[in-house]
Amino acid sequence: MESGKSQKDLFEDLFSKALQSRIFINRELLSPDYVPQTLPFREEQLAKLASILSVSLKNERPNNVFIYGLTGTGKTAAVKLVFKKLKEKADEIKANVVAVYVNTRQKDTEYRVLAEVLDSLGVKVPFTGLSVSELYNRLFKAVQNKGSITIVALDEIDYLVKKHGDDLLYRLLRMNSELQRGKITIVGITNDLKLIDSLDPRVKSSLGEEEIVFPPYDAEQLKKILEERARLAFREGALSPEVIPLCAALAAREHGDARKALDLLRTAGEIAERNNDEKVETRHVEMARNQLEHDTVEAIVSTLPLHSKLILLATLKIIEEKGKATTGEVYSKYLDLVKKLGIEYITSRRATDIISELDMLGILDARVTSRGRYGKTKTITLQTSKEAVLKALLKDELIGAVINE
DNA sequence: CTTCCACCGGAAGTACCGGTAA
DNA sequence: TTACCGGTACTTCCGGTGGAAG
């Protein structure tokens, strides 16, 4: 046992180390939630969005806006920044403007999106129990009573539309024709350019009143963005000169994703700090890349329902033997596992869906291939690190019992 | 050219859960 | 209390299909 004094010193040491980092000055600046005051290389898009939405200050309804751009191209940050400035101005001149940002990947049902919008209008609703049409009624009343120009940004709507169709968009847009006071404007944000074609033509024309495109950043631009943030986030001399170009290059390879670039840089810094290293080096970036991948896979896998985990485990075992798998092989392996555990099994129809879900999550790659006389099936390969998946699966005690043959 | 495998994947429905309204 | 709500996980049924084998 440690004596009281040395333990106290230990904590003292740890805490003061945390307080005076030798790497960071302000790590927050690299966080994915941080909204910078300026967005380099996005001046044009910011100006366009701001000018479209500015008419709300005169109590007029701005046009609906459709924003496209791949992940990490600054769409979300741009919308949040413009909203913030708009709200400030609206407060200043007492304009009746409400601007809500909703990420439809987090609020992934019609109900939850509406609840979020209502919340920002000051109406609290229970998180379940009401019908969706009741929420529409309440939203209508809320906008009508407040008479506000209500601007709703729906981020990642491709996600919502794929899952639940474009009903939400249609009904929100149609509400305007019945409102006597107050109006609703929608800012739709998507990274799927094909989305527009799958929309109801009425929604399409109404939502597409204005369009703003966010092109990917190139490696050079990513470098400048990182440099700008790093100047304030890191201590002087804490970054070796190759670090930023490497982060920029890695992220540029993934369609110019600035968020990825910032994640890499931040995580590399954190790793260097934990190891008590003087400087962030390229090897830290490599480790960061690994860790980020590991973390996302683990987070996804560990929250999967039991049968999804079992399907995944069965797939893993087949792939271990043969390098790739088919639906039939996976399903029969899965049946073996279930038998050993003595629990109920799901049908192969459901298994097909689970494999597709795992594909969409980016854990597996499952493509339908035809083997002629030998039928049509999904050819499945692993898309992530086997270790990360196994580690996450092992957390489940039931699976731990059956993981080794 | 046709056949036919081994699945694919849409549609509709069931069961359950955690919740509200009246 | 009863009736109903949405979300998730799953089932049942079944028509559909790319392309190697014949």
Side-chain angles (χ1 to χ4, degrees), chain A residues 102-119 123-142 154 156-157 159-172 194 197-198 200 299-315 318-319 321-322 324-339 341-361 363-381 393 396 398-399:
Chain A
V102 185
N103 183 314
T104 63
R105 187 190 280 263
Q106 284 149 24
K107 314 277 170 199
D108 61 349
T109 65
E110 210 177 344
Y111 188 99
R112 296 208 257 260
V113 170
L114 289 168
E116 183 77 8
V117 176
L118 277 162
D119 187 67
V123 181
K124 297 280 178 213
V125 288
F127 55 86
T128 178
L130 300 179
S131 70
V132 167
S133 49
E134 175 61 22
L135 288 208
Y136 280 110
N137 286 338
R138 293 191 187 187
L139 178 60
F140 184 85
K141 275 187 206 142
L154 300 172
E156 308 198 59
I157 41 171
Y159 204 74
L160 188 79
V161 169
K162 263 178 218 150
K163 236 174 144 181
H164 305 283
D166 52 14
D167 221 45
L168 173 78
L169 295 173
Y170 180 65
R171 295 178 75 166
L172 281 181
K194 286 173 290 180
D197 300 328
S198 63
D200 182 305
I300 293 168
V301 171
S302 55
T303 58
L304 251 27
L306 176 63
H307 290 286
S308 302
K309 285 182 182 168
L310 287 168
I311 292 284
L312 183 55
L313 178 58
T315 313
I318 304 270
I319 287 174
E321 287 171 39
K322 307 189 178 179
K324 60 186 164 80
T326 66
T327 307
E329 291 165 343
V330 168
Y331 187 63
S332 65
K333 191 77 173 178
Y334 159 82
L335 288 178
D336 285 354
L337 294 173
V338 159
K339 208 172 183 181
L341 289 168
I343 55 177
E344 295 285 303
Y345 60 89
I346 56 168
T347 57
S348 54
R349 177 68 186 85
R350 177 64 189 141
T352 307
D353 278 348
I354 289 178
I355 291 168
S356 302
E357 284 162 27
L358 293 171
D359 175 303
M360 279 207 289
L361 290 168
I363 297 172
L364 300 178
D365 180 276
R367 297 171 195 202
V368 288
T369 46
S370 179
R371 296 170 304 165
R373 170 108 314 190
Y374 304 108
K376 194 168 124 194
T377 183
K378 280 186 162 120
T379 303
I380 309 161
T381 51
L393 284 174
D396 191 309
L398 204 57
I399 288 180

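Being a predicted model, the structure only gives us computed values, none of them experimental. Quick note on labels: first sequence line is chain A, next is B, and so on, each numbered from 1.
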Engineer: What are the two closest heavy atoms between A:Leu160 and A:Val113, and how far apart are they?
Structural biologist: CD1-CG2, 4.4 Å
Engineer: So what does A:Tyr345 hit on the nucleic acid, given a heavy-atom distance under 4.0 Å: a base, only sugar-phosphate, or nothing?
Structural biologist: sugar-phosphate
Engineer: Drop me the distance from A:Arg350's CZ to A:Ser308's OG, to the nearest 0.5 angstrom.
Structural biologist: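 Atom-to-atom, A:Arg350:CZ and A:Ser308:OG are 6.0 Å apart.
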Engineer: Should we count OH of A:Tyr345 as having more than 12 external heavy atoms under 6.0 Å?
Structural biologist: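 Atom OH in A:Tyr345 is not packed in, count stays at 12 or less.
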Engineer: Shortest non-hydrogen contact from A:Val338 to A:Ile343?
Structural biologist: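 In terms of heavy atoms, the two residues are closest at CG1-O, 2.9 Å.
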Engineer: Has the side chain of A:Thr104 got a donor or acceptor atom that lies under 3.5 Å from a matching backbone atom of A:Glu156?
Structural biologist: yes
Engineer: Where along residues 104-118 of chain A does a heavy atom fall under 4.0 Å from DNA chain B?
Structural biologist: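 Residues of residues 104-118 of chain A that come under 4.0 Å of DNA chain B do not exist, since none gets that close.
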Engineer: So which protein N/O to nucleotides 16-22 of chain C N/O distances come out below 3.5 Å?
Structural biologist:
from, atom 1, to, atom 2, distance (Å)
C:dG18, N2, A:Ser370, OG, 3.4
C:dG18, N2, A:Gly372, O, 3.1
C:dG18, N3, A:Ser370, OG, 2.7
C:dG19, O4', A:Ser370, OG, 3.2
C:dG19, N2, A:Gly372, O, 3.4

Engineer: Of all heavy-atom pairs between A:Val102 and A:Glu116, which one has the smallest distance, and what is that distance?
Structural biologist: CG2-CG, 3.7 Å
Engineer: Quick one: pull up CG in A:Leu364 and OG in A:Ser356 and give me the separation to the nearest 0.5 Å.
Structural biologist: 10.0 Å
Engineer: Apply side-chain contact (heavy atoms from CB on, under 4.5 Å) to the pair A:Leu114 and A:Leu168, showing each step before the final yes or no.
Structural biologist: CA-CA 9 Å; A:Leu114 289 168; A:Leu168 173 78; 4.0 Å; yes
Engineer: Scan residues 349-360 of chain A against DNA chain B and write down, sorted by residue number, each residue with any heavy atom closer than 4.0 Å; if none is found, say none.
Structural biologist: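 Contacting residues: A:Arg349, A:Thr352.
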Engineer: Distance-only, no hydrogens or angles: does the A:Tyr334 side chain make a donor-acceptor pair with backbone N or O of A:Ala351 under 3.5 Å?
Structural biologist: no
Engineer: A:Glu329 CD to B:dA6 P: how many Å, rounded?
Structural biologist: 12 Å
Engineer: Quick one: does A:Thr315's side chain have a donor or acceptor within less than 3.5 Å of a partner on A:Ile311's backbone?
Structural biologist: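 Confirmed, A:Thr315 side chain pairs with A:Ile311 backbone.
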Engineer: It should be established whether A:Lys378 places a side-chain nitrogen or oxygen under 4.0 Å from OP1 or OP2 of nucleotide B:dG9.
Structural biologist: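 Affirmative; the distance criterion is met.
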Engineer: Looking at C:dT11, I'd like to know if its phosphate oxygens (OP1 or OP2) sit under 4.0 Å from a side-chain N or O belonging to A:Thr347.
Structural biologist: yes
Engineer: Hey, does A:Val123 have a side-chain heavy atom less than 4.5 Å from the side chain of A:Leu139?
Structural biologist: no
Engineer: Report each atom pair, protein N/O against N/O of nucleotides 12-21 of chain B, whose distance is under 3.5 angstrom.
Structural biologist:
from, atom 1, to, atom 2, distance (Å)
B:dG18, N2, A:Thr128, OG1, 3.0

Engineer: Rounded off to whole Å, could you give me the CD1-to-C1' distance for the A:Ile343 and C:dA9 pair?
Structural biologist: 14 Å
Engineer: State, with a plain yes or no, whether a side-chain heavy atom of A:Arg171 is found less than 4.5 Å away from one of A:Ser133.
Structural biologist: yes
Engineer: Rounded to whole Å, how long is the line connecting atom CZ of A:Arg367 with atom P of B:dC8?
Structural biologist: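 Nearest whole value for this atom pair: 15 Å.
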Engineer: Can you sort out the partners of A:Gln106 under side-chain hydrogen bond (donor to acceptor under 3.5 Å, both in side chains), two or more places apart, ordered by chain and number?
Structural biologist: none
Engineer: Rounded to 10°, tell me the angle between the two end axes of the helix from B:dC1-C:dG22 to B:dA22-C:dT1, each built from five pairs.
Structural biologist: 20°
Engineer: If you round to the nearest 0.5 Å, how far is CG of A:Leu154 from CZ of A:Arg105?
Structural biologist: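 The CG atom of A:Leu154 is 14.5 Å from CZ of A:Arg105, to the nearest 0.5 Å.
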Engineer: Taking all atoms of both residues into account, what is the closest heavy-atom pair of A:Ala366 and A:Lys378, and its distance?
Structural biologist: CB-CD, 4.0 Å
Engineer: So does A:Thr381 get a backbone contact from the side chain of A:Asp365, meaning a donor-acceptor N/O pair under 3.5 Å?
Structural biologist: no
